[in-house]
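Taking it in order: structure first as C-alpha coordinates, then the write-up.
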Amino acid sequence: MSPLPCVPSAQSGKQARGLHVITWGCQMNVYDSARMTDVLRPLGYRAVDAPDDADMIILNTCHIRDRAAEKVFSELGRLRLVKEARAQAGHGTVLAVAGCVAQAEGREILARAPYVDIVLGPQTYHRLPEMVARAARAAGAVIETDFPVEQKFDFLPPEREVPAGGAAFLTIQEGCDKFCSFCVVPYTRGAEASRPVAAVLEEARRLVAHGVKEITLLGQNVNAYHGEGPDGAIWGLARLMAELADGIGVERIRYTTSHPRDMDGDLIAAHGDQPALMPFLHLPVQSGSDRVLAAMNRGHTAQEYRDLVMRLRAARPDLALSSDFIVGHPGETEDDFEQTMQLIRDVGFAQAYSFKYSPRPGTPASGAGGQVPEEVKDARLQKLQALLREQQDAFNAATVGQRVSVLFTGRGRKPGQVSGKSPYLQAVHVDGPDSLIGQVAEVDIVKLYTNSLGGVLTGETGKA
Ligand code: SAM
Ligand code: SF4
(Lines give C-alpha, C1' and ligand atoms only; values in the text may rest on other atoms or scores of the structure.)
(Ligands and ions follow the chains in the order given, each with its own letter.)
Protein backbone atom coordinates (compact mmCIF):
# COMPACT_ATOMS: atom_id res chain seq x y z
CA MET A 1 0.00 0.00 0.00
CA SER A 2 1.16 3.54 -0.66
CA PRO A 3 1.60 5.82 2.37
CA LEU A 4 -1.59 6.96 4.04
CA PRO A 5 -1.88 10.42 5.55
CA CYS A 6 -1.45 10.39 9.31
CA VAL A 7 -4.82 10.52 10.98
CA PRO A 8 -5.38 13.58 13.12
CA SER A 9 -7.10 12.96 16.43
CA ALA A 10 -10.43 14.56 17.18
CA GLN A 11 -8.61 17.03 19.44
CA SER A 12 -6.07 17.97 16.81
CA GLY A 13 -8.87 18.12 14.28
CA LYS A 14 -7.76 21.55 13.03
CA GLN A 15 -5.16 19.89 10.76
CA ALA A 16 -6.70 20.47 7.33
CA ARG A 17 -7.01 17.50 4.99
CA GLY A 18 -8.49 17.53 1.54
CA LEU A 19 -11.56 15.39 0.87
CA HIS A 20 -12.92 14.82 -2.61
CA VAL A 21 -16.23 12.98 -2.94
CA ILE A 22 -17.48 11.76 -6.32
CA THR A 23 -21.22 11.05 -6.26
CA TRP A 24 -23.13 8.90 -8.71
CA GLY A 25 -26.80 8.02 -8.65
CA CYS A 26 -29.85 9.25 -6.82
CA GLN A 27 -30.51 12.11 -4.42
CA MET A 28 -30.01 9.73 -1.52
CA ASN A 29 -26.42 9.33 -2.61
CA VAL A 30 -26.09 13.13 -2.76
CA TYR A 31 -27.37 13.25 0.82
CA ASP A 32 -25.06 10.40 1.90
CA SER A 33 -22.03 12.10 0.35
CA ALA A 34 -22.79 15.28 2.28
CA ARG A 35 -23.17 13.29 5.49
CA MET A 36 -19.88 11.44 4.90
CA THR A 37 -18.26 14.87 4.63
CA ASP A 38 -19.91 15.84 7.95
CA VAL A 39 -18.67 12.65 9.63
CA LEU A 40 -15.09 13.32 8.51
CA ARG A 41 -15.04 17.01 9.41
CA PRO A 42 -13.95 16.45 13.06
CA LEU A 43 -10.88 14.66 11.67
CA GLY A 44 -9.90 17.80 9.81
CA TYR A 45 -11.18 16.84 6.37
CA ARG A 46 -12.52 19.66 4.20
CA ALA A 47 -14.05 19.34 0.74
CA VAL A 48 -11.72 20.10 -2.18
CA ASP A 49 -12.68 20.34 -5.85
CA ALA A 50 -9.84 18.33 -7.41
CA PRO A 51 -8.89 14.73 -6.56
CA ASP A 52 -5.21 15.70 -6.95
CA ASP A 53 -5.56 17.91 -3.84
CA ALA A 54 -7.34 15.26 -1.79
CA ASP A 55 -5.88 13.27 1.10
CA MET A 56 -9.00 11.17 0.86
CA ILE A 57 -11.14 10.35 -2.18
CA ILE A 58 -14.54 8.71 -1.84
CA LEU A 59 -16.30 7.26 -4.85
CA ASN A 60 -19.98 7.00 -3.85
CA THR A 61 -21.50 4.54 -6.30
CA CYS A 62 -24.87 3.50 -7.70
CA HIS A 63 -25.78 -0.06 -8.68
CA ILE A 64 -29.21 0.51 -10.14
CA ARG A 65 -28.50 0.10 -13.86
CA ASP A 66 -26.12 -0.60 -16.69
CA ARG A 67 -22.65 -1.89 -16.15
CA ALA A 68 -22.38 -0.25 -12.73
CA ALA A 69 -19.35 -2.30 -11.71
CA GLU A 70 -17.43 -1.66 -14.96
CA LYS A 71 -17.98 2.07 -14.55
CA VAL A 72 -16.57 1.86 -11.04
CA PHE A 73 -13.47 -0.06 -12.16
CA SER A 74 -12.81 2.38 -14.96
CA GLU A 75 -13.08 5.34 -12.57
CA LEU A 76 -10.87 3.54 -10.04
CA GLY A 77 -8.23 3.12 -12.77
CA ARG A 78 -8.18 6.90 -13.15
CA LEU A 79 -8.04 7.47 -9.39
CA ARG A 80 -5.20 4.99 -9.07
CA LEU A 81 -3.09 7.28 -11.26
CA VAL A 82 -3.97 10.23 -9.04
CA LYS A 83 -3.01 8.22 -5.96
CA GLU A 84 0.30 7.16 -7.52
CA ALA A 85 1.16 10.70 -8.62
CA ARG A 86 0.45 11.98 -5.11
CA ALA A 87 2.54 9.18 -3.57
CA GLN A 88 5.47 10.19 -5.77
CA ALA A 89 5.13 13.70 -4.41
CA GLY A 90 5.20 12.25 -0.87
CA HIS A 91 1.47 12.50 -0.12
CA GLY A 92 -0.70 9.64 1.01
CA THR A 93 -4.25 9.22 -0.27
CA VAL A 94 -7.03 7.17 1.26
CA LEU A 95 -9.18 5.79 -1.53
CA ALA A 96 -12.64 4.64 -0.47
CA VAL A 97 -15.48 3.11 -2.46
CA ALA A 98 -18.92 3.66 -0.92
CA GLY A 99 -22.55 3.15 -1.91
CA CYS A 100 -24.47 0.33 -3.48
CA VAL A 101 -21.75 -1.10 -5.76
CA ALA A 102 -19.49 -1.29 -2.71
CA GLN A 103 -22.26 -3.13 -0.89
CA ALA A 104 -22.90 -5.58 -3.71
CA GLU A 105 -19.37 -6.12 -5.02
CA GLY A 106 -17.08 -5.27 -2.08
CA ARG A 107 -14.80 -8.33 -2.26
CA GLU A 108 -14.56 -8.13 -6.05
CA ILE A 109 -13.48 -4.48 -5.75
CA LEU A 110 -10.68 -5.36 -3.37
CA ALA A 111 -9.58 -8.27 -5.55
CA ARG A 112 -9.50 -6.25 -8.76
CA ALA A 113 -8.39 -2.93 -7.30
CA PRO A 114 -6.07 -3.72 -4.37
CA TYR A 115 -5.03 -0.05 -4.17
CA VAL A 116 -8.48 0.72 -2.69
CA ASP A 117 -8.15 1.28 1.06
CA ILE A 118 -11.75 1.23 2.26
CA VAL A 119 -14.93 -0.35 0.94
CA LEU A 120 -18.09 0.64 2.78
CA GLY A 121 -21.78 -0.01 2.25
CA PRO A 122 -24.48 2.66 2.56
CA GLN A 123 -25.38 1.60 6.10
CA THR A 124 -21.92 1.99 7.63
CA TYR A 125 -20.66 5.46 6.76
CA HIS A 126 -21.10 6.71 10.31
CA ARG A 127 -18.11 4.46 11.08
CA LEU A 128 -15.84 6.19 8.56
CA PRO A 129 -13.51 7.83 11.11
CA GLU A 130 -12.80 4.44 12.65
CA MET A 131 -12.28 2.93 9.18
CA VAL A 132 -9.82 5.68 8.25
CA ALA A 133 -7.88 5.01 11.44
CA ARG A 134 -7.89 1.28 10.74
CA ALA A 135 -6.75 1.83 7.14
CA ALA A 136 -3.85 3.93 8.41
CA ARG A 137 -2.80 1.18 10.82
CA ALA A 138 -3.57 -1.93 8.84
CA ALA A 139 -1.53 -3.54 6.12
CA GLY A 140 -4.65 -4.46 4.14
CA ALA A 141 -7.85 -2.78 3.13
CA VAL A 142 -10.87 -2.24 5.36
CA ILE A 143 -14.24 -3.58 4.28
CA GLU A 144 -17.52 -2.74 6.03
CA THR A 145 -20.56 -3.98 4.21
CA ASP A 146 -22.72 -5.34 7.05
CA PHE A 147 -26.04 -3.94 7.98
CA PRO A 148 -25.05 -2.90 11.51
CA VAL A 149 -27.52 -3.24 14.32
CA GLU A 150 -27.14 0.39 15.33
CA GLN A 151 -29.06 2.88 13.18
CA LYS A 152 -26.44 4.91 11.35
CA PHE A 153 -28.48 8.10 11.77
CA ASP A 154 -28.05 7.91 15.56
CA PHE A 155 -24.31 8.23 15.08
CA LEU A 156 -24.15 11.04 12.55
CA PRO A 157 -23.06 14.47 13.83
CA PRO A 158 -26.05 16.76 14.45
CA GLU A 159 -24.39 19.63 12.59
CA ARG A 160 -24.36 19.33 8.84
CA GLU A 161 -22.98 21.53 6.17
CA VAL A 162 -25.93 23.46 4.80
CA PRO A 163 -25.91 23.78 1.03
CA ALA A 164 -26.02 27.33 -0.32
CA GLY A 165 -29.19 28.14 -2.21
CA GLY A 166 -31.87 27.52 0.37
CA ALA A 167 -32.73 23.94 -0.66
CA ALA A 168 -31.65 20.77 1.14
CA PHE A 169 -32.25 17.03 1.10
CA LEU A 170 -33.20 15.19 4.27
CA THR A 171 -33.29 11.39 4.34
CA ILE A 172 -36.15 10.14 6.51
CA GLN A 173 -36.48 6.54 5.35
CA GLU A 174 -34.14 3.97 3.87
CA GLY A 175 -34.23 0.51 2.42
CA CYS A 176 -37.04 -1.44 0.86
CA ASP A 177 -38.92 -4.67 1.44
CA LYS A 178 -40.93 -4.63 -1.78
CA PHE A 179 -38.59 -6.72 -3.90
CA CYS A 180 -39.62 -5.60 -7.35
CA SER A 181 -38.36 -8.21 -9.80
CA PHE A 182 -35.78 -5.93 -11.42
CA CYS A 183 -34.39 -3.96 -8.50
CA VAL A 184 -31.24 -4.28 -6.38
CA VAL A 185 -32.24 -1.81 -3.67
CA PRO A 186 -33.58 -4.36 -1.15
CA TYR A 187 -30.24 -6.18 -1.40
CA THR A 188 -27.96 -3.13 -1.27
CA ARG A 189 -29.83 -0.82 1.09
CA GLY A 190 -31.41 -3.48 3.30
CA ALA A 191 -34.79 -3.64 4.99
CA GLU A 192 -37.05 -0.65 5.16
CA ALA A 193 -36.50 1.61 8.18
CA SER A 194 -37.86 5.04 9.12
CA ARG A 195 -36.05 7.61 11.24
CA PRO A 196 -37.83 8.71 14.41
CA VAL A 197 -39.88 11.88 14.08
CA ALA A 198 -37.82 13.79 16.68
CA ALA A 199 -34.58 13.18 14.75
CA VAL A 200 -36.12 14.37 11.49
CA LEU A 201 -37.58 17.49 13.13
CA GLU A 202 -34.27 18.29 14.78
CA GLU A 203 -32.38 18.05 11.49
CA ALA A 204 -35.03 20.17 9.76
CA ARG A 205 -34.94 22.77 12.56
CA ARG A 206 -31.20 23.20 12.08
CA LEU A 207 -31.61 23.53 8.32
CA VAL A 208 -34.30 26.18 8.71
CA ALA A 209 -32.15 28.05 11.25
CA HIS A 210 -29.44 28.17 8.57
CA GLY A 211 -31.80 29.73 6.04
CA VAL A 212 -33.09 26.63 4.25
CA LYS A 213 -36.49 27.29 2.68
CA GLU A 214 -37.11 24.06 0.83
CA ILE A 215 -36.58 20.54 2.14
CA THR A 216 -36.91 17.47 -0.04
CA LEU A 217 -37.64 14.46 2.13
CA LEU A 218 -35.86 11.40 0.79
CA GLY A 219 -36.37 7.66 0.95
CA GLN A 220 -36.34 4.69 -1.42
CA ASN A 221 -40.04 4.53 -0.60
CA VAL A 222 -40.45 7.77 1.21
CA ASN A 223 -44.24 7.56 1.40
CA ALA A 224 -43.93 4.30 3.33
CA TYR A 225 -42.54 6.49 6.14
CA HIS A 226 -43.69 5.29 9.55
CA GLY A 227 -41.50 6.95 12.16
CA GLU A 228 -41.99 6.76 15.90
CA GLY A 229 -43.40 10.06 17.13
CA PRO A 230 -42.56 11.83 20.38
CA ASP A 231 -46.05 10.83 21.54
CA GLY A 232 -45.18 7.14 21.08
CA ALA A 233 -47.53 6.86 18.08
CA ILE A 234 -46.38 5.97 14.59
CA TRP A 235 -46.45 8.99 12.31
CA GLY A 236 -47.05 8.73 8.58
CA LEU A 237 -45.59 11.09 6.01
CA ALA A 238 -48.60 13.45 5.96
CA ARG A 239 -48.41 14.06 9.70
CA LEU A 240 -44.64 14.54 9.55
CA MET A 241 -44.99 17.11 6.77
CA ALA A 242 -47.68 18.99 8.67
CA GLU A 243 -45.32 19.34 11.64
CA LEU A 244 -42.42 20.36 9.42
CA ALA A 245 -44.52 23.10 7.83
CA ASP A 246 -46.60 24.32 10.75
CA GLY A 247 -44.29 23.51 13.68
CA ILE A 248 -40.80 24.04 12.24
CA GLY A 249 -41.64 26.58 9.55
CA VAL A 250 -40.33 24.81 6.46
CA GLU A 251 -41.66 26.97 3.61
CA ARG A 252 -41.49 24.43 0.80
CA ILE A 253 -41.65 20.65 1.10
CA ARG A 254 -41.14 17.95 -1.50
CA TYR A 255 -40.72 14.20 -1.12
CA THR A 256 -39.27 11.51 -3.31
CA THR A 257 -39.39 8.62 -4.28
CA SER A 258 -42.89 7.32 -3.70
CA HIS A 259 -44.50 3.99 -4.41
CA PRO A 260 -48.12 4.03 -5.66
CA ARG A 261 -49.05 1.36 -3.09
CA ASP A 262 -48.11 3.63 -0.18
CA MET A 263 -50.11 6.69 -1.27
CA ASP A 264 -52.65 6.80 1.58
CA GLY A 265 -55.70 9.06 1.99
CA ASP A 266 -53.92 11.45 4.40
CA LEU A 267 -51.10 11.96 1.94
CA ILE A 268 -53.47 12.58 -0.95
CA ALA A 269 -55.38 15.07 1.18
CA ALA A 270 -52.14 16.83 2.16
CA HIS A 271 -51.64 17.74 -1.49
CA GLY A 272 -54.82 19.81 -1.22
CA ASP A 273 -54.53 21.06 2.37
CA GLN A 274 -50.88 21.76 3.00
CA PRO A 275 -49.72 24.92 1.23
CA ALA A 276 -46.03 24.17 1.92
CA LEU A 277 -46.27 20.94 -0.09
CA MET A 278 -45.15 21.77 -3.62
CA PRO A 279 -47.52 20.77 -6.45
CA PHE A 280 -45.14 18.24 -7.95
CA LEU A 281 -45.05 14.50 -7.36
CA HIS A 282 -42.67 11.84 -8.62
CA LEU A 283 -44.74 8.66 -8.65
CA PRO A 284 -43.06 5.81 -10.54
CA VAL A 285 -45.36 3.44 -12.43
CA GLN A 286 -42.75 1.53 -14.51
CA SER A 287 -45.28 0.04 -16.95
CA GLY A 288 -48.85 0.46 -18.16
CA SER A 289 -49.46 -3.27 -18.65
CA ASP A 290 -51.03 -5.29 -15.83
CA ARG A 291 -49.19 -8.37 -17.01
CA VAL A 292 -45.83 -6.63 -16.74
CA LEU A 293 -46.75 -4.90 -13.48
CA ALA A 294 -47.55 -8.32 -12.01
CA ALA A 295 -44.30 -9.80 -13.34
CA MET A 296 -42.50 -6.84 -11.78
CA ASN A 297 -44.21 -7.56 -8.43
CA ARG A 298 -45.39 -3.96 -8.20
CA GLY A 299 -48.60 -4.83 -6.36
CA HIS A 300 -50.99 -2.58 -8.31
CA THR A 301 -52.65 -2.42 -11.70
CA ALA A 302 -52.51 0.28 -14.36
CA GLN A 303 -56.09 1.27 -13.58
CA GLU A 304 -55.29 1.61 -9.88
CA TYR A 305 -52.51 4.01 -10.86
CA ARG A 306 -54.89 6.01 -13.06
CA ASP A 307 -57.42 6.16 -10.19
CA LEU A 308 -54.72 7.34 -7.81
CA VAL A 309 -53.77 10.12 -10.20
CA MET A 310 -57.44 11.16 -10.41
CA ARG A 311 -57.70 11.36 -6.61
CA LEU A 312 -54.47 13.35 -6.40
CA ARG A 313 -55.64 15.78 -9.08
CA ALA A 314 -59.00 16.13 -7.36
CA ALA A 315 -57.07 17.22 -4.24
CA ARG A 316 -54.64 19.46 -6.16
CA PRO A 317 -55.77 20.21 -9.71
CA ASP A 318 -52.48 21.79 -10.81
CA LEU A 319 -50.37 18.85 -9.56
CA ALA A 320 -47.48 18.16 -11.96
CA LEU A 321 -46.62 14.50 -12.21
CA SER A 322 -43.36 12.75 -12.89
CA SER A 323 -42.67 9.04 -13.15
CA ASP A 324 -40.17 6.27 -13.90
CA PHE A 325 -40.64 3.83 -16.77
CA ILE A 326 -38.79 0.66 -17.65
CA VAL A 327 -39.05 -0.71 -21.18
CA GLY A 328 -38.13 -4.27 -22.10
CA HIS A 329 -38.74 -5.99 -18.77
CA PRO A 330 -38.54 -9.77 -19.42
CA GLY A 331 -41.74 -10.91 -21.09
CA GLU A 332 -42.80 -7.43 -22.29
CA THR A 333 -44.57 -7.73 -25.65
CA GLU A 334 -45.34 -5.04 -28.21
CA ASP A 335 -48.89 -4.96 -26.85
CA ASP A 336 -47.65 -4.48 -23.26
CA PHE A 337 -45.47 -1.65 -24.48
CA GLU A 338 -48.39 -0.05 -26.28
CA GLN A 339 -50.34 -0.14 -23.00
CA THR A 340 -47.52 1.82 -21.36
CA MET A 341 -47.73 4.40 -24.17
CA GLN A 342 -51.49 4.61 -23.61
CA LEU A 343 -51.07 5.15 -19.88
CA ILE A 344 -48.66 8.00 -20.61
CA ARG A 345 -51.19 9.57 -23.01
CA ASP A 346 -53.98 9.17 -20.45
CA VAL A 347 -52.11 10.58 -17.47
CA GLY A 348 -49.89 13.27 -19.01
CA PHE A 349 -46.53 13.83 -17.31
CA ALA A 350 -44.65 17.07 -16.68
CA GLN A 351 -41.40 15.13 -16.74
CA ALA A 352 -40.22 11.54 -16.39
CA TYR A 353 -37.28 9.20 -16.29
CA SER A 354 -37.22 6.20 -18.58
CA PHE A 355 -34.81 3.32 -18.81
CA LYS A 356 -34.12 0.18 -20.75
CA TYR A 357 -34.46 -2.82 -18.48
CA SER A 358 -31.00 -3.76 -17.28
CA PRO A 359 -30.54 -7.21 -15.70
CA ARG A 360 -29.13 -6.81 -12.20
CA PRO A 361 -27.26 -9.81 -10.81
CA GLY A 362 -29.17 -11.61 -8.08
CA THR A 363 -32.59 -10.14 -8.91
CA PRO A 364 -35.44 -12.47 -10.02
CA ALA A 365 -35.94 -10.79 -13.41
CA SER A 366 -32.30 -11.24 -14.42
CA GLY A 367 -32.80 -15.01 -14.66
CA ALA A 368 -36.33 -14.91 -16.06
CA GLY A 369 -37.26 -16.19 -19.50
CA GLY A 370 -38.40 -13.84 -22.25
CA GLN A 371 -35.47 -11.41 -22.11
CA VAL A 372 -36.15 -8.70 -24.68
CA PRO A 373 -33.47 -8.12 -27.35
CA GLU A 374 -31.44 -4.94 -26.97
CA GLU A 375 -32.52 -3.49 -30.33
CA VAL A 376 -36.20 -3.92 -29.36
CA LYS A 377 -35.57 -2.15 -26.05
CA ASP A 378 -33.78 0.64 -27.92
CA ALA A 379 -36.65 1.15 -30.33
CA ARG A 380 -39.26 1.14 -27.53
CA LEU A 381 -37.26 3.54 -25.41
CA GLN A 382 -36.96 5.98 -28.30
CA LYS A 383 -40.71 5.95 -28.93
CA LEU A 384 -41.52 6.33 -25.25
CA GLN A 385 -39.03 9.15 -24.74
CA ALA A 386 -40.36 11.02 -27.77
CA LEU A 387 -43.85 10.96 -26.24
CA LEU A 388 -42.59 12.00 -22.81
CA ARG A 389 -40.57 14.80 -24.40
CA GLU A 390 -43.68 16.07 -26.18
CA GLN A 391 -45.59 16.11 -22.89
CA GLN A 392 -42.77 17.83 -21.03
CA ASP A 393 -42.49 20.53 -23.72
CA ALA A 394 -46.24 21.06 -23.66
CA PHE A 395 -46.27 21.35 -19.88
CA ASN A 396 -43.42 23.87 -19.88
CA ALA A 397 -44.96 25.84 -22.77
CA ALA A 398 -48.17 26.16 -20.76
CA THR A 399 -46.22 27.89 -17.98
CA VAL A 400 -45.21 30.74 -20.29
CA GLY A 401 -47.37 33.73 -19.41
CA GLN A 402 -47.88 32.55 -15.81
CA ARG A 403 -46.56 34.09 -12.61
CA VAL A 404 -44.76 31.56 -10.38
CA SER A 405 -42.78 31.61 -7.13
CA VAL A 406 -39.16 30.67 -7.69
CA LEU A 407 -36.66 29.60 -5.05
CA PHE A 408 -33.32 30.81 -6.40
CA THR A 409 -30.68 28.19 -5.73
CA GLY A 410 -27.64 29.49 -7.60
CA ARG A 411 -26.11 31.54 -10.38
CA GLY A 412 -27.28 30.97 -13.93
CA ARG A 413 -25.03 30.07 -16.82
CA LYS A 414 -24.87 33.63 -18.13
CA PRO A 415 -23.30 36.48 -16.15
CA GLY A 416 -25.89 38.44 -14.20
CA GLN A 417 -28.33 35.53 -14.20
CA VAL A 418 -29.70 33.60 -11.25
CA SER A 419 -31.52 30.27 -11.47
CA GLY A 420 -33.97 28.38 -9.38
CA LYS A 421 -36.95 26.09 -9.32
CA SER A 422 -40.64 26.76 -9.85
CA PRO A 423 -43.16 24.98 -7.59
CA TYR A 424 -43.50 22.42 -10.42
CA LEU A 425 -39.73 21.73 -10.29
CA GLN A 426 -39.01 23.51 -13.55
CA ALA A 427 -35.66 25.25 -13.90
CA VAL A 428 -36.18 29.02 -14.21
CA HIS A 429 -33.55 31.64 -15.13
CA VAL A 430 -33.88 35.40 -14.63
CA ASP A 431 -31.57 38.41 -14.80
CA GLY A 432 -31.05 39.32 -11.18
CA PRO A 433 -28.56 39.90 -8.36
CA ASP A 434 -26.74 37.15 -6.44
CA SER A 435 -28.51 38.39 -3.30
CA LEU A 436 -31.59 36.52 -4.57
CA ILE A 437 -29.86 33.17 -4.08
CA GLY A 438 -31.56 31.36 -1.22
CA GLN A 439 -34.67 33.57 -1.55
CA VAL A 440 -38.12 33.01 -3.01
CA ALA A 441 -39.37 35.66 -5.45
CA GLU A 442 -42.28 36.03 -7.87
CA VAL A 443 -41.38 35.64 -11.54
CA ASP A 444 -43.34 36.19 -14.74
CA ILE A 445 -42.42 33.38 -17.13
CA VAL A 446 -41.76 34.82 -20.57
CA LYS A 447 -39.68 32.29 -22.46
CA LEU A 448 -39.44 28.58 -23.14
CA TYR A 449 -36.00 26.99 -23.51
CA THR A 450 -35.23 23.33 -24.29
CA ASN A 451 -35.15 22.20 -20.66
CA SER A 452 -35.95 25.34 -18.74
CA LEU A 453 -37.87 28.61 -18.62
CA GLY A 454 -36.86 32.26 -18.78
CA GLY A 455 -38.56 34.79 -16.55
CA VAL A 456 -38.69 38.37 -15.35
CA LEU A 457 -38.69 39.36 -11.69
CA THR A 458 -41.90 41.08 -10.66
CA GLY A 459 -40.27 42.78 -7.67
CA GLU A 460 -42.53 40.88 -5.27
CA THR A 461 -41.28 38.58 -2.57
CA GLY A 462 -42.38 35.04 -3.29
CA LYS A 463 -45.15 33.23 -1.49
CA ALA A 464 -42.93 30.10 -1.19
N1 SAM B 1 -38.67 2.97 -5.07
C2 SAM B 1 -38.95 3.52 -6.31
C3 SAM B 1 -40.17 2.82 -6.91
O4 SAM B 1 -40.66 1.91 -6.38
O5 SAM B 1 -40.57 3.18 -7.98
C6 SAM B 1 -37.81 3.47 -7.28
C7 SAM B 1 -36.43 3.55 -6.83
S8 SAM B 1 -35.27 2.97 -8.01
C9 SAM B 1 -33.89 3.33 -7.06
C10 SAM B 1 -35.29 4.20 -9.28
C11 SAM B 1 -35.71 3.74 -10.62
O12 SAM B 1 -34.69 3.04 -11.28
C13 SAM B 1 -36.88 2.79 -10.66
O14 SAM B 1 -38.09 3.45 -10.51
C15 SAM B 1 -36.75 2.12 -11.99
O16 SAM B 1 -37.47 2.80 -12.99
C17 SAM B 1 -35.26 2.22 -12.27
N18 SAM B 1 -34.65 0.88 -12.20
C19 SAM B 1 -34.42 0.14 -11.10
N20 SAM B 1 -33.87 -1.03 -11.43
C21 SAM B 1 -33.75 -1.04 -12.78
C22 SAM B 1 -33.29 -1.99 -13.72
N23 SAM B 1 -32.84 -3.18 -13.33
N24 SAM B 1 -33.31 -1.66 -15.03
C25 SAM B 1 -33.78 -0.46 -15.43
N26 SAM B 1 -34.23 0.47 -14.59
C27 SAM B 1 -34.25 0.19 -13.27
FE1 SF4 C 1 -36.71 -1.06 -5.91
FE2 SF4 C 1 -38.62 0.78 -5.54
FE3 SF4 C 1 -39.27 -1.73 -6.03
FE4 SF4 C 1 -38.17 -1.12 -3.70
S5 SF4 C 1 -40.16 -0.45 -4.50
S6 SF4 C 1 -37.67 -2.87 -4.93
S7 SF4 C 1 -36.76 0.50 -4.31
S8 SF4 C 1 -38.21 -0.29 -7.41
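Whatever order the structure lists them in is the order used to number ligands and atoms, beginning at 1. This is a predicted model, so every value here is computed, not measured.
- Near Arg360, meaning under 4.0 Å from any of its heavy atoms, are these atoms of ligand 1: 23 (N).
- Protein heavy atom in closest approach to atom 1 (Fe) of ligand 2: Cys183 SG, 2.3 Å.
- Between Glu203 and Arg195 there is a salt bridge, since at least one side-chain N of the basic residue sits less than 4.0 Å from a carboxylate O of the acidic one.
- Closest heavy-atom approach to atom 8 (S) of ligand 2 among the candidates Met296, Gln220, Lys178, Arg298: Arg298.
- When heavy-atom distances to ligand 1 are checked against a 4.0 Å cut-off, Asn221 comes that close only through its side chain, counted from C-beta outward.
- When only non-hydrogen protein atoms are considered, atom 4 (Fe) of ligand 2 lies nearest to Cys176 SG, 2.2 Å.
- Between Tyr424 and Phe395, the ring planes lie perpendicular to each other; the angle is over 60°, past the 30° to 60° tilted range.
- With 3.5 Å as the limit, one finds a donor-acceptor pair spanning the side chains of His329 and Ser181.
- Contacts of Pro186 with ligand 2, taken as heavy-atom pairs under 4.0 Å, involve the side chain alone.
- Looking from atom 9 (C) of ligand 1 to the surrounding protein, the closest heavy atom is Ile64 CD1, 3.4 Å.
- In summary, Glu75 and Lys71 do not engage in a salt bridge, as defined by a charged side-chain N under 4.0 Å from a carboxylate O.
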Residues Asp307, Arg311; criterion salt bridge (Lys or Arg N to Asp or Glu O under 4.0 Å); working and verdict: CA-CA 6 Å; Asp307 293 346; Arg311 290 172 65 202; over 6 Å; no
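- Within a 4.0 Å radius of atom 7 (C) of ligand 1, the protein contributes no non-hydrogen atoms.
- Residue contacts with ligand 1 include Arg298, since one of its heavy atoms falls under 4.0 Å from the ligand.
- Using a cut-off of 4.0 Å between Lys/Arg side-chain N and Asp/Glu carboxylate O, Glu374 and Lys356 are scored as salt-bridged.
- The N/O atoms of Ser358, backbone and side chain alike, include one that comes under 3.5 Å of an N/O atom in ligand 1.
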CA sep, side-chain torsions, deciding dist, call: Asp346, Gln342, side chain to side chain donor-acceptor pair (under 3.5 Å): CA-CA 6 Å; Asp346 293 347; Gln342 191 54 46; 2.9 Å; yes
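- Looking at Thr399 and Asn396, their side chains never bring a donor and an acceptor atom within 3.5 Å of each other.
- Side-chain contact check for Gln123 and Glu174: at least one donor-acceptor pair (N or O, by modelled atom type) lies under 3.5 Å.
- Near Phe179, meaning under 4.0 Å from one of its heavy atoms, ligand 2 places the atoms 6 (S).
- Between Phe349 and Phe325, the distance from one ring center to the other falls under 6.0 angstrom.
- For ligand 1, one of its N or O atoms has an N or O atom of Gln220 under 3.5 Å away.
- Not a single N, O or S atom of His259, from either the backbone or the side chain, sits less than 2.8 Å from atom 4 (Fe) of ligand 2.
- For the side chain to side chain contact (heavy atoms under 4.5 Å, CB included) with Val406, the qualifying choice from Val443, Leu453, Val440 is Val443, the only one to do so.
- The protein heavy atom nearest to atom 25 (C) of ligand 1 is Lys356 O, 3.4 Å.
- The closest protein non-hydrogen atom to atom 18 (N) of ligand 1 is Arg65 NH1, 3.6 Å.
- Comparing Ser181, Cys180, Gly299 against atom 6 (S) of ligand 2, the shortest heavy-atom distance belongs to Cys180.
- Under the 4.0 Å criterion applied to side-chain N and carboxylate O atoms, Glu390 and Arg345 are not assigned as salt-bridge partners.
- Of all atoms in ligand 1, numbered sequentially from 1 with element shown, those under 4.0 Å from a heavy atom of Phe182 are 19 (C), 20 (N), 21 (C), 22 (C), 23 (N).
- Close approach to Phe182 involves these atoms of ligand 2, each under 4.0 Å from a residue heavy atom: 8 (S).
- Of the protein's non-hydrogen atoms, the one nearest atom 27 (C) of ligand 1 is Ile326 CD1, 3.6 Å.
- Between Arg35 and Asp38 a salt bridge is recorded (basic side-chain N to carboxylate O distance below 4.0 Å).
- The side-chain heavy atoms of His282 and Leu425, taken from C-beta on, include no pair separated by under 4.5 Å.
- Where the criterion is an N or O separation shorter than 3.5 Å, residue side chain and backbone included, Gln286 meets it with respect to ligand 1.
- Close contacts of ligand 2 with Asn221, meaning ligand atoms under 4.0 Å from a residue heavy atom, involve 4 (Fe), 5 (S).
- Listed by atom number, the atoms of ligand 1 under 4.0 Å from Pro284 heavy atoms are 5 (O).
- The pair Glu144-Arg134 meets the salt-bridge criterion, since a charged nitrogen lies less than 4.0 angstrom from a carboxylate oxygen.
- For atom 10 (C) of ligand 1, the nearest non-hydrogen atom of the protein is Asp324 OD2, 3.7 Å.
- Counting the atoms of ligand 1 from 1 in the order shown, those under 4.0 Å from a heavy atom of Thr257 are 2 (C).
- Near His259, meaning under 4.0 Å from one of its heavy atoms, ligand 1 places the atoms 4 (O).
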